[in-house]
Number of protein chains: 2
Amino acid sequence: MIQTEPAIDATLAALADPTRRAIVQRLGGGDLRVTEIAKPYAMSLNAVSKHIRVLENARLIHRRRVGREHILSLDPRPIEALGRWIADQKPVWAARLQALDALLQAEDAAKTEEQPHAR
Amino acid sequence: MIQTEPAIDATLAALADPTRRAIVQRLGGGDLRVTEIAKPYAMSLNAVSKHIRVLENARLIHRRRVGREHILSLDPRPIEALGRWIADQKPVWAARLQALDALLQAEDAAKTEEQPHAR
DNA sequence: ACAATATTCAACCATAAGGTTGAATATAAG
DNA sequence: CTTATATTCAACCTTATGGTTGAATATTGT
């Protein structure tokens, strides 16, 4: 049964961009305004604004308006959900890891064999 | 210091697609050939072949040719690395979660207040 | 040798993603 | 009231993504 979890889709897609992942990390240290978030980046404020919007749609950050400033807070819950998804798979993977190890060793051996006492 | 981890980029981007995530999950049960992987999907074999290529480039699966068949094995290590990345952030987020809880409660209260003893 | 099977390559298409610039909006400060 | 600040909206551009179809390649079975 092929399960499609749309929430995790958004989380993964949002985190796949390095700029956005950096923003998430910075927000781990505390709330920031849009302009503050944008400061370290070479790109335009508008581009950062868009990234923020993506993170917001993925429910990774939460926006609260205080006057003209928009203050962003990190909401770690979707990432924790992702962590749980990964943790859940772990037992399944134990067997795969072992099989893979054997496989890779065998391949390396074969590759070495390929050029017999290479000059 | 804004750290950019290109390996994690690829892992996240590869997993962000539901088809690819399903493939990863199926491979958790054991190795499969390309055609076998493609079977449950409505899309063309070619499309699946492309997805497989993406997973391969992200080092999430490993391909071994046996005659005309290409046998794919899951390599869970990049996902485990992702799990570690998430686990590493966890302590940082504890504080954020608390702050967020308070914030959301306050907002709900404000929203309820907005319509005083709504009819 | 020939046909069938397993898979990729190549070209193409539509839409999404990430970026830009310039104008609009909302609030704050002089 | 006027100006400055914070932020988004809108339009546009380029490149990436996910999909298609048709042909090519490699291997296996008859």
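Quick note on labels: first sequence line is chain A, next is B, and so on, each numbered from 1. Atom set for the values below is all heavy atoms of this structure, side chains included, hydrogens, waters and symmetry mates excluded. Note that the structure is a prediction, hence the values are computed from the model and not measured.
Set against dA6(C), dT20(C), dG19(D), the side chain of A47(B) has dG19(D) as its closest nucleotide. Distance from the side chain of S44(B) is smallest for dT21(D) among the nucleotides dT21(D), dT8(C), dC9(D). With dG18(D), dT20(D), dT8(D) as the choices, the nucleotide that has an atom nearest any side-chain atom of N46(B) turns out to be dT20(D).
Distances shorter than 4.0 Å separate none of the side-chain N or O atoms of H70(B) from OP1 or OP2 on dA6(C). Distances shown here put every side-chain N or O of R65(A) at or beyond 4.0 Å from the OP1 or OP2 atom of dA26(C). Close to dA6(C), at under 4.0 Å from its OP1 or OP2, lies a side-chain N or O of R33(B).
The closest donor-acceptor contact from the side chain of Q98(B) to the backbone of A95(B) lies at 3.5 Å or more, if one exists at all. Looking at R20(A), its side chain never comes within 3.5 Å of a backbone N or O of L15(A) through a donor-acceptor pair. In this structure a side-chain-to-backbone donor-acceptor pair under 3.5 Å is present from E36(A) to R33(A). Not a single donor-acceptor pair under 3.5 Å links the side chain of R63(B) to the backbone N or O of E56(B).
If you take CG of L72(B) and C1' of dT8(C), they are 13 Å apart, rounded to a whole angstrom. Rounded to an integer number of Å, the gap from CD of E69(A) to P of dA28(C) is 9 Å. Distance NZ (K39(A)) to P (dA6(D)): 8 Å, rounded to an integer number of Å. If you take CG of L12(B) and P of dA17(C), they are 16 Å apart, rounded to a whole angstrom. Rounding to whole angstrom units, CZ of residue R53(A) and P of dA6(D) are separated by 20 Å. Remark: P of dA6(D) and CZ of R64(A) are 17 Å apart, rounded to the nearest angstrom. Per the geometry, CD1 belonging to I23(A) stands 13 Å off C1' belonging to dG18(C), to the nearest Å. Residue D9(B) contributes atom CG, which lies 11 Å from atom P of dG18(C) at whole-angstrom precision.
Comparing R68(A) and L45(B) against DNA chain C, the residue whose closest nucleotide sits nearer the 5' end is L45(B). In terms of position on DNA chain C, the residue among E56(B) and K50(A) whose nearest nucleotide sits closer to the 5' end is E56(B).
Using a 4.0 Å heavy-atom distance criterion, R20(A) is classed as a sugar-phosphate-only contact.
Counting only N and O atoms by type, the side chains of R65(A) and H70(A) include no donor and acceptor under 3.5 Å apart.
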